[in-house]
Enquirer: 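The structure's right below; bear with me while I get my questions together.
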There are 2 protein chains.
Amino acid sequence: MLATLDAIDRHILRVLQRDGRISNVELAKEVGLSPSPCLRRIRLLEEAGIIDRYVAVLDPAKVGAGLTVFARVWFKTQDAEVTLRFGEAVRRFPEVMECYLTTGECDAVLRIVTADLHSYWRFQADHLTRIPSVLSVKTDVPMETLKRSYELPLR
Amino acid sequence: MLATLDAIDRHILRVLQRDGRISNVELAKEVGLSPSPCLRRIRLLEEAGIIDRYVAVLDPAKVGAGLTVFARVWFKTQDAEVTLRFGEAVRRFPEVMECYLTTGECDAVLRIVTADLHSYWRFQADHLTRIPSVLSVKTDVPMETLKRSYELPLR
DNA sequence: ATAGCATTGGCATGATATGCCAAACTTTCG
DNA sequence: CGAAAGTTTGGCATATCATGCCAATGCTAT
């Protein structure tokens, strides 16, 4: 469900994606409104679910989550029961930040966050490959970060 | 550089990862402190860079960014010049949310966000594969989301 | 046991969010 | 073309909150 956002709405969203704690007064100044209508627009964007939530972004390296890896998973079978159980298992692991079912070469792709390569290896050996649905796992291990953005592109 | 976080610090970080706009008064109540020392801890966490920033999280589907795909990229050569140019190109594309250099099967992995499969295809054909460094691209297209988290695991 | 240090809690002040109302603008329909 | 209805805006008053300062408490080391 795409909402109809005008230029001011998109401007508000762009600013809030960069600074979610900007004061309404300052935000209003930036988008060229007075505080009242600006706050009203924000509330509407929140009620529509376009703004889902506000969060603090932590430095992964400084909280012991310095390594991001992408894992591709193959299932033993592709039936609903297997994918359901896999989803339940994956949701219990805080290391798994994202998990999607795919069609094509592999059955699922995961973005996993751990402290370092050693703790990733332990996670894969002790937990990921022990989920009954899992046949095999292939991992791409990043050596360097070229880009990391938190801002969705707004057309 | 890992900092030494006590239980209260981790509690604060956990709450702020879920609600980055909670008032200091309420946060203090939740972690069992009075507002003053709570705010002081927050400021220290910010100054240490452990809290990197605060952002608004948007609903991707509602702002025309409903499709997340993972792409694996192979370079023509692996020299520094090629990876440098690739990084520059990738940073200019707002659709590319994350990009890491890898060692092993492929040379880089990307998390790319677009409106739908059609606009992803256009992005890949018109932009990604036209970066001079790129030899080939393989894409895993998610059909369903099993998990999507914004909270780093805090041990 | 005691001195030094870090952390806490309370208070005062200035800034901000928020709800309400009137005015301006836009759209719709006669 | 004009009038009326609806939408959006700006300003104001009030309650809440952030923030800086200082004394008191708890902890550590000698």
Side-chain angles (χ1 to χ4, degrees), chain A residues 1-59 61-65 150-155, chain B residues 1-59 61-65 150-155:
Chain A
M1 182 195 64
L2 266 120
T4 51
L5 303 171
D6 66 12
I8 300 179
D9 287 327
R10 286 196 297 274
H11 197 171
I12 289 175
L13 293 176
R14 258 189 292 272
V15 173
L16 285 177
Q17 279 197 110
R18 270 187 283 111
D19 180 4
R21 266 201 164 174
I22 190 173
S23 79
N24 181 53
V25 187
E26 205 176 336
L27 176 58
K29 216 177 298 174
E30 191 139 349
V31 302
L33 282 178
S34 77
S36 291
C38 185
L39 185 67
R40 180 168 169 72
R41 278 170 181 266
I42 295 172
R43 291 289 169 269
L44 287 174
L45 291 168
E46 288 169 354
E47 283 160 25
I50 294 167
I51 297 176
D52 181 45
R53 62 206 303 192
Y54 300 88
V55 302
V57 177
L58 310 186
D59 184 328
K62 289 180 180 165
V63 294
Y150 304 103
E151 302 168 33
L152 289 177
L154 298 176
R155 82 243 107 85
Chain B
M1 183 194 66
L2 265 121
T4 52
L5 303 171
D6 65 12
I8 300 179
D9 287 327
R10 287 196 297 273
H11 197 171
I12 289 175
L13 293 177
R14 258 189 292 272
V15 174
L16 286 177
Q17 279 197 110
R18 271 187 284 110
D19 180 4
R21 266 202 164 175
I22 190 173
S23 79
N24 181 54
V25 189
E26 204 176 337
L27 176 58
K29 216 177 298 173
E30 190 140 347
V31 303
L33 282 179
S34 77
S36 290
C38 185
L39 187 66
R40 181 171 167 70
R41 278 171 182 266
I42 295 172
R43 290 289 171 268
L44 287 174
L45 290 168
E46 289 169 353
E47 282 160 25
I50 293 166
I51 297 176
D52 180 45
R53 62 205 302 192
Y54 300 88
V55 302
V57 177
L58 310 186
D59 184 328
K62 290 180 180 165
V63 294
Y150 303 104
E151 301 167 34
L152 289 176
L154 298 175
R155 79 245 109 82

Enquirer: Rounded to whole angstrom units, what separation is found between the CG atom of A:Asp9 and the P atom of D:dT7?
Expert: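 Nearest whole value for this atom pair: 16 Å.
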Enquirer: Does the side chain of A:Leu154 come within less than 4.5 Å of B:Leu58's, by heavy atoms?
Expert: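 They are in contact (side-chain heavy atoms under 4.5 Å apart), so the answer is yes.
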Enquirer: Between P on D:dT25 and CZ on B:Arg40, what's the gap in Å once rounded to a whole number?
Expert: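 Rounded to whole Å, this separation is 19 Å.
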Enquirer: Measuring from B:His11:NE2 to B:Glu30:CD, what's the distance to the nearest 0.5 Å?
Expert: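 Here the rounded value is 5.0 Å.
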Enquirer: Tell me the interatomic distance from A:Tyr54, atom OH, to C:dA17, atom C1', rounded to whole angstroms.
Expert: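 About 13 Å, once rounded to whole Å.
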Enquirer: Nearest whole angstrom, please: distance from the C1' of D:dT19 to the CG of B:Leu44.
Expert: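 My rounded result for the distance is 14 Å.
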Enquirer: Just wondering, do B:Arg40 and B:Arg43 contact through their side chains at under 4.5 Å, heavy atoms?
Expert: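 With C-beta onward as the side chain, the pair stays apart.
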Enquirer: Once you round to the nearest 0.5 Å, how far does CG of A:Leu27 lie from CZ of A:Arg21?
Expert: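 Reported value, rounded in 0.5 Å steps: 15.5 Å.
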Enquirer: Is the distance from OP1 or OP2 of D:dT9 to the nearest side-chain N or O of A:Arg41 less than 4.0 Å?
Expert: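 The answer is yes; a side-chain N or O of A:Arg41 sits under 4.0 Å from OP1 or OP2.
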Enquirer: If I compare all heavy atoms of A:Gln17 with all of A:Leu152, which pair ends up nearest, and what's the gap?
Expert: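 It is OE1-N, 2.7 Å.
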Enquirer: Would you jot down, in residue-number order, the residues of residues 15-34 of chain B having a non-hydrogen atom under 4.0 Å from DNA chain D?
Expert: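 Nucleic-acid contacts, sorted: B:Ser23, B:Asn24, B:Val25.
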Enquirer: In terms of side-chain heavy atoms of B:Arg43, which of C:dT18, C:dT8, D:dA18 is nearest?
Expert: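 It is D:dA18.
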Enquirer: Measure the distance from CG on A:Asp6 to C1' on C:dT27 and round it to the nearest whole Å.
Expert: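 So the two atoms are 16 Å apart, to the nearest Å.
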Enquirer: Does atom CZ of A:Arg10 have more than 12 heavy-atom neighbours from other groups under 6.0 Å away?
Expert: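 Count over threshold, so yes.
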Enquirer: Side chain of A:Leu39 only, please: which of C:dC11, C:dT18, D:dT9 is the nearest?
Expert: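 Given the options C:dC11, C:dT18, D:dT9, the side chain of A:Leu39 is closest to C:dT18.
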